[in-house]
Number of protein chains: 2
Amino acid sequence: MTAGRTGLREQKKQATRQALREAALRLALERGPDNVRVDDIADAAGVSPRTYNNYFSSREQAIVAAVTAERESRVAAAIAARPDGVRLADAVVDAIVEQYTDPDAQDGDALLLITTRPALREAFVDAAAAIEHPLTDAIAGRLGDAGRDTARVLAASVAAAVRVALDRWVGGTAAAPPVAGGLVVPSGSLPDLLRAALAALAPALDAAERRAASARHDPGRI
Amino acid sequence: MTAGRTGLREQKKQATRQALREAALRLALERGPDNVRVDDIADAAGVSPRTYNNYFSSREQAIVAAVTAERESRVAAAIAARPDGVRLADAVVDAIVEQYTDPDAQDGDALLLITTRPALREAFVDAAAAIEHPLTDAIAGRLGDAGRDTARVLAASVAAAVRVALDRWVGGTAAAPPVAGGLVVPSGSLPDLLRAALAALAPALDAAERRAASARHDPGRI
DNA sequence: TACAAAAAGTGCGCGCACGCAAGTTTGCGT
DNA sequence: ACGCAAACTTGCGTGCGCGCACTTTTTGTA
């Protein structure tokens, strides 16, 4: 179904991409991220430095990709996998939490490295933006083609919420300002942060779903 | 109130920033964006190239800033200016539409240039992300300090929605896929696109506002 | 099987972004 | 009025991102 092109060409491309991101992470762990030149990564993966840049547009992106991998498409697939009867908001939230709790992603060492270095933290958080397009398709699948525009906005919003949760999880952009009265929990568990962030969007997802359902009963309406 | 630091120092900084962005736009219009070196911009603004990079982290950013300017803080101020009785969703949507319809921003020539070159389009669309932080403060102001986390998610979502609207307005990232059955309006007017995109988030804003109101009546509840 | 079109890889070169370690200006307390 | 500390500017050097033109590999077709 989602096979796309399955030729030798595509196979090699994926292999190269994987070789690059794994080399990037391995070298970063071995020597520390600041002692890894792009040439080293390309060398280790057996391609030219120029080719490296055809796959990743920043060194941080390559390192982070080793841990982020194909999460985007997995999220979309996970949503599509939920039975149609499930509330859209639940399908989205559960799918995301599920994919961000994948034991594979918990490469202890790697995450420690990433959450330590500011540049990597930023790249890691920004990587969440990649779920937007797959998410759009997944949500549009539920809303019907009439709701494509709405789906795009909702997907972008969900991605933004995930970004916020991740940012908070890794310690935030800067030190939190000293709040006067309230006690501020430093970080918390990632699933909790994700659910909390996404909860704010549930009403919007519900409304879109309701609208789509009524449109199906009365196609003449806008 | 929102004065911040108003010393000579800050004054000079703003002057430099303005000189840089205006020089960037002027030169880009005169020679075409590809024939403008960073050194030229710095020269024209009377600072060193290195200083230029303390203000803008990409050439595109500087050019786009001339048209984007201080829109971020204006949006926040516009929201704060609405009377407290107004529905939050309306305050946000109206403030944003108002600020993105500022006649100043319609520097015909500049917008033509920006919407033409892909690199500039991207920078222009991405510039919308800058409204997130001011928006967070503005929304948090309405929701009360208990809703700060929610405010951040909502602000990020609103910014994302604006991004989507702008992206559509400037012609989209790539050519739209040929939809089978439906007629697709190419672009439409910016205010309409903004309202359409933000409409999907209205239910979330409403829900947050209701929650905040009930929390005010019953502070013991979470 | 042979071949032409498409796609991916590669070498080169140019600006650019940014860390670092000075030098310079502004702000503030005494 | 003075002087110190913090903020801003600047020159230098390094590695990187990417456009361009060219070679090599893969794919679809005759």
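A note on names: the letters A, B, ... follow the listed sequences, proteins ahead of strands, and every chain is numbered from 1.
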Using the test side chain to side chain donor-acceptor pair (under 3.5 Å), find all partners of Ser48(A) that sit at least two apart in sequence or belong to another chain. Thr51(A)
Of the listed nucleotides (dC16(D), dG15(C), dT9(D)), which one gets closest to any side-chain atom of Arg37(A)? dC16(D)
Please enumerate all residues that pass salt bridge (Lys or Arg N to Asp or Glu O under 4.0 Å) together with Asp40(A), with sequence neighbours excluded. Arg31(A)
Strictly below 4.0 Å: does Ser48(B) bring a side-chain N or O up to OP1 or OP2 of dT10(D)? yes
If you look at every heavy atom in Leu198(B) and Ala161(B), which pair is closest and at what distance? CD2-CB, 3.8 Å
Between Val47(B) and Thr16(B), which heavy-atom pair has the shortest distance, and what is it? CG1-CG2, 3.9 Å
Any heavy-atom pair between the side chains of Arg71(B) and Ile131(B) that's under 4.5 Å? no
Could you note down all residue pairs passing salt bridge (charged side-chain N to carboxylate O under 4.0 Å, His left out) where residues 17-30 of chain A supplies at least one of them, sequence neighbours left out? Arg21(A)-Glu70(A), Arg26(A)-Glu30(A)
Can you give one letter per nucleotide of nucleotides 17-30 of chain C, 5' to 3': B if a protein heavy atom sits under 4.0 Å from the base, S if only from the sugar-phosphate, - if neither? BBBB----BBS---
Interatomic distance, Asp40(B) CG vs dC14(C) C1' [rounded to whole Å]: 14 Å
Separation of atom CG in Asp39(A) from atom C1' in dG11(C), rounded to whole Å: 13 Å
One pair to check against side chain to side chain contact (heavy atoms under 4.5 Å, CB included): Arg148(A) and Thr136(A). What are the steps and the verdict? CA-CA 8 Å; Arg148(A) 252 212 105 71; Thr136(A) 299; 3.8 Å; yes
Heavy atoms within less than 4.0 Å of DNA chain D: which residues of residues 22-33 of chain A have one? Give them sorted by number. none
Between the axis at one end of the helix from dT1(C)-dA30(D) to dT30(C)-dA1(D) and the axis at the other (five pairs apiece), what's the angle to 10 degrees? 30°
